[in-house]
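In what follows, a single structure is set out as structure tokens and then discussed.
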Number of protein chains: 4
Amino acid sequence: MRDVSLRADAARNRSSLLTAAVEVFAEQGADAPISAVAARAGLGKGTVFRHFPTKDDLIAAIVLDRVDRLTRLAAELIEAPDAGAAVLEFMRHAARQRQRLDLSFLAADLGVEVGEAQLRMSLAITALVDRARAEGALRADVTGTDVMLLMCVPNDVVKHVPDARPDLWERYLAILFDGLRPEGARPLPPF
Amino acid sequence: MRDVSLRADAARNRSSLLTAAVEVFAEQGADAPISAVAARAGLGKGTVFRHFPTKDDLIAAIVLDRVDRLTRLAAELIEAPDAGAAVLEFMRHAARQRQRLDLSFLAADLGVEVGEAQLRMSLAITALVDRARAEGALRADVTGTDVMLLMCVPNDVVKHVPDARPDLWERYLAILFDGLRPEGARPLPPF
Amino acid sequence: MRDVSLRADAARNRSSLLTAAVEVFAEQGADAPISAVAARAGLGKGTVFRHFPTKDDLIAAIVLDRVDRLTRLAAELIEAPDAGAAVLEFMRHAARQRQRLDLSFLAADLGVEVGEAQLRMSLAITALVDRARAEGALRADVTGTDVMLLMCVPNDVVKHVPDARPDLWERYLAILFDGLRPEGARPLPPF
Amino acid sequence: MRDVSLRADAARNRSSLLTAAVEVFAEQGADAPISAVAARAGLGKGTVFRHFPTKDDLIAAIVLDRVDRLTRLAAELIEAPDAGAAVLEFMRHAARQRQRLDLSFLAADLGVEVGEAQLRMSLAITALVDRARAEGALRADVTGTDVMLLMCVPNDVVKHVPDARPDLWERYLAILFDGLRPEGARPLPPF
DNA sequence: AATGAATGAGGGTTCATTCAT
DNA sequence: CATGAATGAACCCTCATTCAT
């Protein structure tokens, strides 16, 4: 009973830390000190290291969480009736994540676990995109990898606009998605 | 003549430093140590300081150079016969710069000089884009600011792909530019 | 009790650091490197920062300690039966502090806290001096401020004598105090 | 003819540098950068080192100048009719030098030349003081060394008073000199 | 002889990480 | 388990000094 409760505590702390880290890194960038994360979570600095032996581990955990979330989303959307709308919906979700951990969350050096998660996400997105393409909702020469690479663009772009309206990213998602549609598509350079 | 040669030495060093800094920052990110830049340039650490009193000054110099280059390019292209092709050419150039100092080079806190240069670039791009739009080469609801924000995307996107072919960015420029064309354009959310 | 012991450790270190800093600054001047202080205290460089976020904070802490000590001393001596002897005693104590942080500890830019402490000290000294003057133990035209400015002189003077006997400062305190006595006093230029 | 003019140039530069150094060190302290001295003198940094191979050499030169000046002054005053007034005059001169190179100009590690100059000054002052003491203008137990050590006190003391009237040092010279007079003198601790 | 560019040692400060309590 | 004190590597920056021009 006791260690159960302890584990509950630990799990709660781990979760607080992840939340705090996402916030802090979003606000201050990924080079924010660990102490800031600890403070935000209302915990001691040492506790962060108990849960994440390394700062990189903490970042990896954040990315893992995010990637898995997107994988699940893609898996759900695969059953949507309108595949094109599903891809758009997927990109909308990806872009909405107002986290400063931008495209770099695709970085290669985040450990095996994250790598595997990225692979799973890649497969799920590819499935989604393949279906949309088959239905003619996307241009013929676009792949799941393309979508994966592009999905953060709206958010990234907007990050550098001071005082932007919070939904400005939708504008760039729209432009981008128009570029993914079959209408008026010109042949793409190879991948 | 003599003091010219003196300055020639210094100017060459300054230029070496800028080149080295672009390379190093591209490889390691903008938080690479100044000493790495100095080493790459084959110069002493103190020499960097002599030319750029602050690391921020160094970064600002890089950005200033890049921005001014783009401004000049836009100014030249304004006279091109095909305005749409000119915008594409402009974006191609912007995307080709293999520098990790990505979109963030639009950041606000780089000093007045850079701010003014950014404004000049913004005006030049807007002129270019306005003309292309007037000719029907771009969708009716796209602005110079949009292009300015999007021009680095191809490069940014590709940076996270390990072992990518060096011209992969062209693929994403093509997608993006298709999104900027009038064909199949659906109305955009406001800026 | 336990966290008391934790704090006891930290407090001991803080105190070691202050002691070490006083010694090192006395020997090498206030521009001695922080690392020297740390080494003298047998602690890591970072520990100094933990306790005193800035070198100036460390200096301010030393000065604050010294000023408060003198304020307490003056407050005690105000009840002494012989006010003239009390002032002499006070100056003796002030001069005895073998610290190279000499008169400059009256410098203005040490932060509010030190400023307030200096004010308190000033008031306490003035009270002491006023009483002594009223009793005829000091010349009529001397003020607390004068004493405050002069109290470090014996120590300062002696610091430049190589191989001086350790109590040489008493000689100059005697001369100085004779100058503060009413006997043979000639009118002073104004403050 | 030419190298004569060159030497004249050099001598003028040397003198400019000394003046500039005195000013700069007085304003910013002795840790002011050499470049500040060079700038003040309107010369290049390298020229400073041509004249004074080391910063310490520059400081030594300043001190040497000052010490010799005081030696000459003492030598002149030895012939004054009123020996007591002569000592006071001497101290007045010493105190008037508004230079931040305070008492520390007695420091031991300034090189042989300065050491010898200090010795000469010491002898000259001692002669002056001995005569004044013999005439009963100074207390019987005061020595030339005492005066040498005390002569900078007025200036030192005042340096720490913000917004002091420029002649405030006279006040402390008066107090000090009253302490050196025979009236009311109490026996001194030994040297 | 003068200049100022180049150098690199050294100082203050930050922060990931370890560890005693 | 949690805490936060201690640590030291690493960074930016300053400046005395050297040296090519």
Side-chain angles (χ1 to χ4, degrees), chain A residues 2-3 6-7 9-10 13 31-39 43-58, chain B residues 1-14 31-36 38 41-56 58, chain C residues 1-14 31-36 38 41-56 58, chain D residues 2-3 5-7 9-10 13 31-36 38-39 43-58:
Chain A
R2 176 183 282 174
D3 51 0
L6 278 181
R7 284 182 189 169
D9 249 34
N13 279 349
D31 29 339
I34 281 279
S35 60
V37 174
L43 293 171
K45 205 175 6 172
T47 308
V48 182
F49 284 90
R50 169 161 302 280
H51 288 280
F52 308 99
T54 284
K55 191 181 184 181
D56 284 348
D57 289 329
L58 172 56
Chain B
M1 213 62 149
R2 179 182 283 170
D3 50 359
V4 165
S5 81
L6 259 182
R7 285 177 193 162
D9 244 36
R12 194 176 328 132
N13 280 346
R14 195 192 131 99
D31 25 337
I34 279 267
S35 59
L43 292 171
K45 198 174 20 171
T47 307
V48 183
F49 170 73
R50 154 164 283 283
H51 287 279
F52 309 98
T54 287
K55 190 181 184 181
D56 283 349
L58 173 56
Chain C
M1 213 62 149
R2 178 182 285 171
D3 50 357
V4 166
S5 81
L6 259 181
R7 285 174 193 165
D9 244 35
R12 195 176 327 132
N13 280 344
R14 194 192 131 99
D31 27 336
I34 278 265
S35 59
L43 293 171
K45 196 171 25 168
T47 307
V48 183
F49 171 74
R50 155 163 282 283
H51 288 278
F52 307 99
T54 286
K55 191 180 185 183
D56 283 349
L58 173 56
Chain D
R2 177 183 282 169
D3 51 0
S5 79
L6 279 180
R7 282 183 191 167
D9 249 34
N13 279 350
D31 28 340
I34 280 279
S35 59
L43 293 171
K45 205 174 8 173
T47 307
V48 183
F49 284 91
R50 168 163 302 279
H51 287 279
F52 308 98
T54 284
K55 191 180 185 182
D56 284 348
D57 289 329
L58 172 56

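In this text the structure is predicted, and so the values were computed from the model without any measurement. So that the names make sense, note that chain A is the first sequence line, chain B the second, and so on, each numbered from 1.
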Is any side-chain nitrogen or oxygen of Asn13(D) closer than 4.0 Å to OP1 or OP2 of dA1(E)?
-> no

Going by heavy atoms in the side chains, are Phe49(B) and Ile34(B) under 4.5 Å from each other?
-> no

Who pairs with Pro53(A) by side chain to side chain contact (heavy atoms under 4.5 Å, CB included), at least two apart in sequence or on another chain?
-> Asp57(A)

Would you indicate, yes or no, if dA2(F) has its OP1 or OP2 atom less than 4.0 angstrom from a side-chain nitrogen or oxygen of Arg50(A)?
-> yes

Who pairs with Arg14(C) by side chain to side chain contact (heavy atoms under 4.5 Å, CB included), at least two apart in sequence or on another chain?
-> Leu18(C), His51(C), Phe52(C), Ala61(C)

Distance in angstrom units between His51(B) NE2 and dG4(E) C1', rounded = 11 Å

Protein-proximity profile, nucleotides 8-15 of chain E, B/S/- by nucleotide at the 4.0 Å heavy-atom cutoff, equals B-BSSBB-

Quick one: side chain to side chain contact (heavy atoms under 4.5 Å, CB included) partners of Ala38(C), sequence neighbours excluded?
-> Val48(C)

Given pairs defined as Watson-Crick or G-U wobble with both distances under 3.5 Å, what dot-bracket annotation applies to DNA chain E, with ( ) intrastrand, [ ] crossing, | other strand and . unpaired?
-> .||||||||||||||||||||

Starting at CZ of Arg14(B) and ending at C1' of dG4(E), how long is that distance when rounded to a whole Å?
-> 17 Å

